[in-house]
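Below you'll find the structure, written out as structure tokens, and then a few comments.
Only a predicted model underlies this, so the values are computations on that prediction, with no experimental measurement involved.
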Amino acid sequence: MIFSRSWKKRKLRSGGHLSSLSFQPGSDERGLTPLSFELESNLHILRNIFADCTDVLFHDFWISGSRRAILIYINGTANQEELNQQVLTPLLEGRRRSAGSPLFHGIIPVASGSEIGTIEETVRHVMDGNPVILTDGENTATSVGLTKWETRSVEEPIAESVVRGPREGFVETVEINTSLLRKRLRTPLLKMKSYKLGSISHTEVVIAYLQGVAEKALVDEVEKRLHSIRIDGVLDSGDLEELLQDNPYSPFPQLLSTERPDIACSQLLEGRVVILVEGSPIAVVAPTTFYSFLQSPEDYYERYFFGTVIRWLRYLFLFIALLGPSFYVAIVSFHQEMIPTALLLTMANSRELVPFPALLEALLMEITFEALREAGVRLPKQVGAAVSIVGALVIGQAAIEAGLVSSPMVMVVAITGIASFIIPHYTLGVAIRILRFPIMLLSGIFGIMGLMLGLLMLLTHLFTLRSFGVPYLSPLAPLNLQELSDVMARVPLWMTDASVDEHRGKNTGRDQEPYLAGRQKERRRRG
């Protein structure tokens, strides 16, 4: 953006915000400007508000040939076919209302029409895409709910694709996203609350939670933080994610973001709150833990032993992605005695003509690899993958032949890059890629002691990190053995069901029959 956010806030305080404009001398107890009985007076105010808005159309017509009316709508957002058939045609044909009934009684469907009485409400309904009708001699307007925003169809999320599982993903329309949640959780316990954020954008934000499952204190805290946000525009859920997190200076993501409705529903069943933002296909989940970013929905769609093996593989490659180059630099620079003799001779032979120390060599290759990775993301899909892969091969081979880097270093960087791709969630992968460089610098300066120092500093930060008050490393710190079982391994679903029944029996005061039935089922399954 060209201008800073502080500049835009100063412009708003100087009178750019809609609520700060003065339309008429008279206002109601809420500080809003009521509509006048004179149509020309209302039109004069509204035309000034929508000045230089060529997409806002004012359609002048006569009701029954005797009363003047104005239809205001935004071109491209109203369903003009239904508007003509259901509203304009009956009015122009002169269908009469019965005595004492509203002007549009029997013409506009009840579910589509609503009366509004102020200038501010009129502007807001028009901006929401609802056509508004004002008539002469009436101090109220009628909003017709015949919007027709262009929307993207429900498709498989690209960033979170799975081999086995649902193929539906969130879209940019919040109504469709809420329906995807309702489709999976068909219960009145699924509560949804809507808010408007952004003094200019007025973006709709919906929080969803399961009543009786999510803690009331958590829901209240989410609402409190949303109400405290003061911003001119919310264009994506990433804006809210940055404003809602506990520690804005931490490189680790403190809210889980997902495009998949099945993941959002599973988080709701675990007592978390899902935040949906109009215009964004990414849902935000609060609170979250570190281990949630290392879990994939396929862990639970496949057999439990397969999910357990893959989960342990992710943990292993997480450490390789974070500490692989740092460990290599520390060993080569300070602790050659730890390398077997045959391997040491091979590495010494490959590094014989390399003019740079191991630290500079690793930094050079890591920065080049990250640049190639970013270039592959920004390029068109047809050539992005080919350029990143071919570029890495060509540059790596050319660097070895030129004697700038050694073959083991290229191999270490390649394995590290592959390890970072195994992390299911992109946001955690970015944090690991960033933290790799300071740990690498410490290892190049102090050896293994520097690596351990960097790891201890990182663990200390993780131990103090919170997500809406929940410890980031829970249930490991603080230790909770019952919940830890599903972190270190993928627990079979029949064992999870028994633990859920036990939890409900203890916390709701209900009888223990479901819990006992679950334990008997568990024993039968074990034989």
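- Of all heavy-atom pairs between Leu181 and Cys265, the closest is CD2-SG, 3.7 Å.
- Glu302 places no side-chain N or O within donor-acceptor distance of the main-chain N or O of Glu298, the cut-off being under 3.5 Å.
- Between the CD atom of Glu221 and the CZ atom of Arg225 there is a distance of 4.5 Å, given to the nearest 0.5 Å.
- In terms of heavy atoms, Asp239 sits closest to Gly233 at OD2-O, 4.2 Å.
- Counting only heavy atoms from C-beta outward, the side chains of Val487 and Pro475 approach each other to under 4.5 Å.
- Counting heavy atoms of neighbouring residues, nucleotides and ligands inside a 6.0 Å radius, atom CD of Glu156 exceeds 12 of them.
- When Leu255, Ile229, Thr203 are each tested for a side-chain contact (heavy atoms from CB on, under 4.5 Å) with Leu240, only one passes: Ile229.
- Expressed to the nearest 0.5 Å, how far CG of Leu256 lies from OG1 of Thr427 amounts to 7.5 Å.
- Side chain of Arg272 to backbone of Gln267: no donor-acceptor contact under 3.5 angstrom is found.
- When all heavy atoms of Met127 and Phe50 are compared, the pair lying nearest together is CE-CE2, 3.4 Å.
- In this structure the side chain of Asp299 reaches within 4.5 angstrom of the side chain of Arg314, judged on heavy atoms.
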task: Begin with the C-alpha distance, continue with both residues' side-chain angles, and end with the deciding distance and a verdict on side-chain contact (heavy atoms from CB on, under 4.5 Å) for Thr33 and Glu120.
output: CA-CA 7 Å; Thr33 306; Glu120 289 81 2; 3.5 Å; yes
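- The closest side-chain heavy-atom distance from Pro131 to His59 is not below 4.5 Å.
- Shortest non-hydrogen contact noted between Pro261 and Phe170 is CA-CZ, 3.6 Å.
- Contact of the Val171 side chain with the Asn177 side chain is registered, since non-hydrogen atoms from C-beta on lie closer than 4.5 Å.
- Counting all heavy atoms, side chain and backbone alike, Pro471 lies closest to Ala477 at CB-O, 3.5 Å.
- Phe290 and Phe252 have perpendicular rings, their planes meeting at more than 60° on a 0 to 90° scale where under 30° would count as parallel.
- Side chain of Asn139 to main chain of Phe37: no donor-acceptor pair is present (N/O by atom type, distance under 3.5 Å, no hydrogens or angles).
- Judged by the 6.0 Å distance and 45° axis criteria, Arg311 is not positioned over the aromatic ring of Tyr291.
- In this structure, His461 and Tyr249 have side chains that are not in contact, with every pair of non-hydrogen atoms separated by 4.5 Å or more.
- Between the side chain of Gln245 and the main chain of Ser467, no donor-acceptor pair closer than 3.5 Å is present.
- Within a 6.0 Å radius of NZ in Lys183, no more than 12 heavy atoms belonging to other residues, nucleotides or ligands are found.
- Using a 4.5 Å heavy-atom cutoff, the side chains of Phe293 and Ile423 are not in contact.
- For an aromatic pair to be called close, the ring centres must be under 6.0 Å apart, and His227 with Tyr195 satisfies this.
- More than 12 heavy atoms of other residues, nucleotides or ligands lie within 6.0 Å of CD in Glu175, so this atom counts as buried by the packing criterion.
- Looking at Arg260, its side chain does come within 3.5 Å of a backbone N or O of Glu160 through a donor-acceptor pair.
- Applying the 6.0 Å contact sphere to CE of Met457 captures no more than 12 heavy atoms from other residues, nucleotides or ligands.
- Within the model, atoms OG1 of Thr460 and CG of Leu455 stand 9.5 Å from one another, a figure rounded to the nearest 0.5 Å.
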Practice item. Could you go through the side-chain contact (heavy atoms from CB on, under 4.5 Å) check for Tyr300 and Asp486 one step at a time? Key: CA-CA 11 Å; Tyr300 298 92; Asp486 195 45; 2.8 Å; yes
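- When atom types are taken as modelled, the side chain of Arg490 and the backbone of Ile310 share no donor-acceptor pair closer than 3.5 angstrom.
- With rounding to the nearest 0.5 Å, the separation of OG1 in Thr118 from CG in Leu35 is 6.5 Å.
- Between the side chain of Gln254 and the backbone N or O of Asn247 there is at least one donor-acceptor pair closer than 3.5 Å.
- Leu190 has its side chain within reach of Met192: a pair of non-hydrogen atoms, C-beta onward, lies under 4.5 Å apart.
- In this structure, CG on Leu428 lies 11.5 Å from CZ on Arg433, to the nearest 0.5 angstrom.
- In this structure, Thr258 contributes its side chain and Ala264 its backbone to no donor-acceptor pair below 3.5 Å.
- For the 3.5 Å distance criterion, the side chains of Tyr472 and Asp246 fail to qualify, holding no donor opposite an acceptor.
- Looking at Ser280 and Asp236, their side chains do bring a donor and an acceptor atom within 3.5 Å of each other.
- A donor-acceptor pair under 3.5 Å is formed between the side chain of Ser201 and the backbone N or O of Val234.
- For the atom pair CG of Asn42 and CD1 of Ile70, the computed distance is 10.5 Å after rounding to the nearest 0.5 Å.
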*asked:* For a side-chain contact (heavy atoms from CB on, under 4.5 Å) check, start with the C-alpha distance between Leu244 and Leu226, then their side-chain angles and the critical distance, and finish with the verdict.
replied: CA-CA 8 Å; Leu244 292 175; Leu226 287 176; 4.2 Å; yes
Would you please test Val144 and His125 for side-chain contact (heavy atoms from CB on, under 4.5 Å) and show each step?
CA-CA 9 Å; Val144 185; His125 278 265; over 6 Å; no
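- Side-chain N or O atoms of Arg184 include none that pairs as donor or acceptor with a backbone N or O of Arg182 at under 3.5 Å.
- Val123 is listed as a side-chain neighbour of Leu46, based on a closest heavy-atom distance under 4.5 Å.
- Applying the 6.0 Å contact sphere to OH of Tyr315 captures more than 12 heavy atoms from other residues, nucleotides or ligands.
- Ion pair Glu121/Arg124 not flagged as a salt bridge, since none of the NZ, NE, NH1 or NH2 atoms sits closer than 4.0 Å to an Asp/Glu carboxylate oxygen.
- Among all heavy-atom pairs drawn from Ala69 and Ile133, the shortest one is CB-CG2, 4.4 Å.
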